[in-house]
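Chain identifiers are assigned alphabetically (A, B, ...) following the order of the sequence lines, protein sequences preceding nucleic acid strands; residue numbering begins at 1 within each chain. Since this is a predicted model, take the numbers as computed values, not measurements.
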There are 2 protein chains.
Amino acid sequence: MAKGEETRERIVRHALQLSSTEGLEGLSIGGLATDLGLSKSGLFAHFGSKEELQLAVLKLVAERFEREVLLPAFRAPRGEPRIRRVFDRWMDWMNDAAQGGCPFVAASFELDDKVDSRPRGYLVTAQRLLLQSLARAAQIAKEEGHFHADLDPEQFAFEMDGVMLSYSHWKRLLRDPKAEVRARQAFERLLAASRRMVNQTAS
Amino acid sequence: MAKGEETRERIVRHALQLSSTEGLEGLSIGGLATDLGLSKSGLFAHFGSKEELQLAVLKLVAERFEREVLLPAFRAPRGEPRIRRVFDRWMDWMNDAAQGGCPFVAASFELDDKVDSRPRGYLVTAQRLLLQSLARAAQIAKEEGHFHADLDPEQFAFEMDGVMLSYSHWKRLLRDPKAEVRARQAFERLLAASRRMVNQTAS
DNA sequence: CTTTTAAACGAACGGTCGTACTATTCATAC
DNA sequence: GTATGAATAGTACGACCGTTCGTTTAAAAG
């Protein structure tokens with residue numbers, strides 16, 4: 001059926017927007033209903049529980065990230081160009097995301113301690129997938145000869161993740177106008193290190 | 001007077017512990033009171049508002065970070081050894097912190113959108129101070145000749161911040177057993193780049 | 001057009017929230 | 001040992017929470 005599905009999507013879209021400032025736990029059924037001109041119970045019926053609503057929000061985020069970041073980036077040529085496209089799209093994603101920053105980032109630090117919650121489980125899966133895609137892109141860059149043969153693709157993903165998180169921290173909390181320049185510089189340094197010598201082991 | 005002060009500290013210590021899993025907003029006066037065997041109103045009287053309680057928690061965190069990370073680290077010899085000590089102490093801090101991860105990290109992503117809130121304002125100040133201390137340590141490492149003359153100390157702080165955030169992300173959300181090794185490796189790579197050539201500008 | 005099914009509503013439930021008052025207990029200083 | 005003020009308790013409040021249930025409206029199917 002069509003009508004219910006449409007309303008449900010309207011709800012989830014708005015819930016995503018709200019959650020980016022209030023957090024997933026800060027979402028309220030009543031508040032959402034008022035915003036959308038629905039009754040509390042009418043809205044609630046679409047999900048059956050608040051947890052299910054949170055899950056729906058996370059699924060929408062994952063779907064959008066796939067569509068707006070990963071898929072377009074993976075259409076770029078294999079190797080370093082593709083990695084750069086991931087970075088550029090990812091930065092755009094960080095800047096968009098409805099003035100509330102990346103919902104994944106917010107959810108990551110909100111749910112990290114909520115063991116055994118379904119939203120957390122889903123988020124972990126989605127984030128692992130995301131970072132594995134990135135690692136795969138780095139692996140391809142090795143095969144193309146753009147990155148050094150000793151490079152650890154997962155380590156690359158770890159460090160690029162750090163750049164994005166630091167960017168979010170400096171821009172959204174600290175309101176540092178240089179945040180974007182710093183992120184780009186950090187990324188360039190990471191790329192440079194990945195091309196040449198790399199991977200001296202710690203201590 | 002002594003008695004009230006003591007109780008207040010007991011409250012704030014426990015609130016800090018709770019907030020590391022539930023978040024600052026997830027703190028509840030009633031819950032805290034029950035946990036500590038106090039009445040809701042008796043506990044409330046110590047602060048006058050929930051916001052004041054959150055503020056007290058953040059102040060305790062800042063005080064502890066200063067005492068357990070920055071001060072000990074700055075007793076190390078100037079330059080790279082001092083930077084290493086900051087990293088080691090910071091990693092210890094990340095691992096301790098009452099099984100709930102670094103409260104600053106959690107609070108950063110919880111409060112980043114709550115404009116005009118006193119807790120946010122305090123957090124921003126504390127975090128800027130922390131990162132400026134780190135940048136100062138990097139500046140000193142330049143003066144000692146350990147770091148390259150072209151190094152941007154704030155950029156160094158940005159990237160080291162990224163390592164810690166990524167560590168938190170991979171360890172606490174993703175539960176990746178290699179998280180600590182990855183963080184140490186990222187830090188070593190950052191150090192290596194800071195010693196030699198650095199700072200090629202982006203695009 | 002009628003029947004059936006989906007979608008939304010309205011009211012109410014038991015709880016918990018932060019906060020405001022007043023009263024009581026307790027520690028401290030005289 | 002009593003007075004004084006701080007520390008804690010008790011009670012109540014209005015608001016909002018997620019959720020349930022029975023009803024009503026609206027859409028889809030026959």
Side-chain angles (χ1 to χ4, degrees), chain A residues 1-60 107 110-111 114 116-120 122, chain B residues 1-60 107 110-111 114 116-120 122:
Chain A
M1 297 245 146
K3 176 75 187 309
E5 198 59 30
E6 192 180 308
T7 310
R8 193 190 141 106
E9 283 180 12
R10 231 173 21 108
I11 297 171
V12 177
R13 273 198 299 268
H14 189 69
L16 169 54
Q17 202 159 321
L18 272 190
S19 78
S20 73
T21 60
E22 310 296 329
L24 281 173
E25 209 53 52
L27 282 178
S28 96
I29 311 274
L32 270 174
T34 304
D35 286 0
L36 295 169
L38 293 180
S39 69
K40 217 167 80 160
S41 54
L43 188 149
F44 181 82
H46 283 275
F47 305 95
S49 75
K50 182 177 179 178
E51 202 182 44
E52 204 67 32
L53 168 63
Q54 297 172 328
L55 212 52
V57 169
L58 287 174
K59 282 181 179 170
L60 175 58
E110 184 179 356
L111 302 183
K114 316 269 189 252
D116 293 335
S117 95
R118 300 220 302 140
R120 184 188 191 281
Y122 180 82
Chain B
M1 293 245 150
K3 178 75 187 308
E5 196 60 28
E6 191 180 310
T7 310
R8 194 189 139 106
E9 283 180 12
R10 230 172 23 109
I11 297 170
V12 178
R13 273 198 299 267
H14 190 71
L16 169 55
Q17 202 159 319
L18 272 191
S19 79
S20 74
T21 59
E22 309 297 328
L24 281 173
E25 209 53 52
L27 281 178
S28 94
I29 311 275
L32 270 174
T34 303
D35 287 359
L36 295 169
L38 293 180
S39 70
K40 214 166 86 159
S41 53
L43 187 149
F44 182 81
H46 284 275
F47 305 95
S49 76
K50 183 178 179 177
E51 203 181 43
E52 204 66 32
L53 168 64
Q54 297 172 327
L55 213 51
V57 168
L58 287 174
K59 282 181 180 170
L60 176 59
E110 184 180 357
L111 303 182
K114 315 268 189 258
D116 293 337
S117 94
R118 299 219 304 141
R120 184 188 191 282
Y122 180 81

J.: Does Leu38(A) reach a base, just sugar-phosphate, or nothing at all? Heavy atoms under 4.0 Å.
T.: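 Sugar-phosphate: the residue Leu38(A), judged by heavy atoms under 4.0 Å, touches backbone atoms but no base.
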
J.: How close or far is atom P of dG18(D) from atom CD of Glu52(A), stated in whole angstroms?
T.: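 Atom CD in Glu52(A) sits about 15 Å away from atom P in dG18(D).
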
J.: Would you kindly compare Arg8(B) and Ser28(A) by the position of their nearest DNA chain D nucleotide and give the one closer to the 5′ end?
T.: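 Its nearest nucleotide lies further toward 5', so the answer is Arg8(B).
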
J.: Under a 3.5 Å distance rule, please check whether Lys114(B) uses its side chain to pair with a backbone N or O of Thr21(A) as donor and acceptor.
T.: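 Confirmed, Lys114(B) side chain pairs with Thr21(A) backbone.
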
J.: Taking NZ from Lys40(B) and P from dC13(D), how many angstroms apart are they, rounded to a whole number?
T.: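 Nearest whole value for this atom pair: 14 Å.
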
J.: Just to be sure I understand the rule, does Leu27(B) reach a base, reach only the sugar-phosphate, or reach nothing, if contact means heavy atoms closer than 4.0 Å?
T.: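 Sugar-phosphate: the residue Leu27(B), judged by heavy atoms under 4.0 Å, touches backbone atoms but no base.
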
J.: Measure the distance from CZ on Arg10(B) to P on dA7(D) and round it to the nearest whole Å.
T.: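 Rounding to the nearest Å, CZ of Arg10(B) and P of dA7(D) are 14 Å apart.
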
J.: How close or far is atom P of dG10(C) from atom CD1 of Ile29(A), stated in whole angstroms?
T.: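 Rounding to the nearest Å, CD1 of Ile29(A) and P of dG10(C) are 17 Å apart.
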
J.: When rounded to the nearest 0.5 angstrom, what distance separates CG in Leu32(A) from CZ in Phe47(A)?
T.: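 Spacing of CG (Leu32(A)) from CZ (Phe47(A)) equals 8.0 Å.
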
J.: Hey, does the side chain of Thr7(A) come within less than 4.0 Å of dA8(C)'s phosphate (OP1/OP2), counting only N and O?
T.: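 Result: yes.
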
J.: Measure CG/Leu36(A) against P/dC9(C) and give the value in whole Å, please.
T.: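 Distance, rounded to whole Å: 11 Å.
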
J.: Starting at CG of Leu16(B), measure out to CG of Leu24(B) and round the result to the nearest 0.5 Å.
T.: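 Output value for this atom pair is 9.0 Å.
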
J.: Under 4.0 angstrom, heavy atoms only, what part of the nucleic acid is Gly37(A) near: base, sugar-phosphate, or nothing?
T.: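 Since only primed, P, OP1 and OP2 atoms lie under 4.0 Å of Gly37(A), the category is sugar-phosphate.
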
J.: Given dG18(C), dC21(D), dG18(D), which nucleotide is nearest the side-chain atoms of Ser41(A)?
T.: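 Nearest to the side-chain atoms of Ser41(A), counting from C-beta on, is dC21(D).
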
J.: Enter the distance from Lys50(B):NZ to Leu55(B):CG here, rounded to the nearest 0.5 Å.
T.: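 The NZ atom of Lys50(B) sits 13.5 Å away from the CG atom of Leu55(B).
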
J.: In Å, rounded to the nearest 0.5 Å, how long is the span from CG of Asp35(B) to NE2 of His14(B)?
T.: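 Spacing of CG (Asp35(B)) from NE2 (His14(B)) equals 3.5 Å.
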
J.: What integer distance in Å separates Leu43(B):CG from dG10(D):C1'?
T.: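 After rounding, the reported distance stands at 15 Å.
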
J.: Of Gly31(B) and His46(A), whose closest DNA chain C nucleotide lies nearer the 5' terminus?
T.: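 Its nearest nucleotide lies further toward 5', so the answer is His46(A).
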
J.: Using whole Å, report how far CZ of Phe44(B) lies from C1' of dA12(D).
T.: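 My rounded result for the distance is 14 Å.
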
J.: Whole angstroms only, please: what is the CG-C1' distance between Leu32(A) and dC16(D)?
T.: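 After rounding, the gap between these two atoms is 14 Å.
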
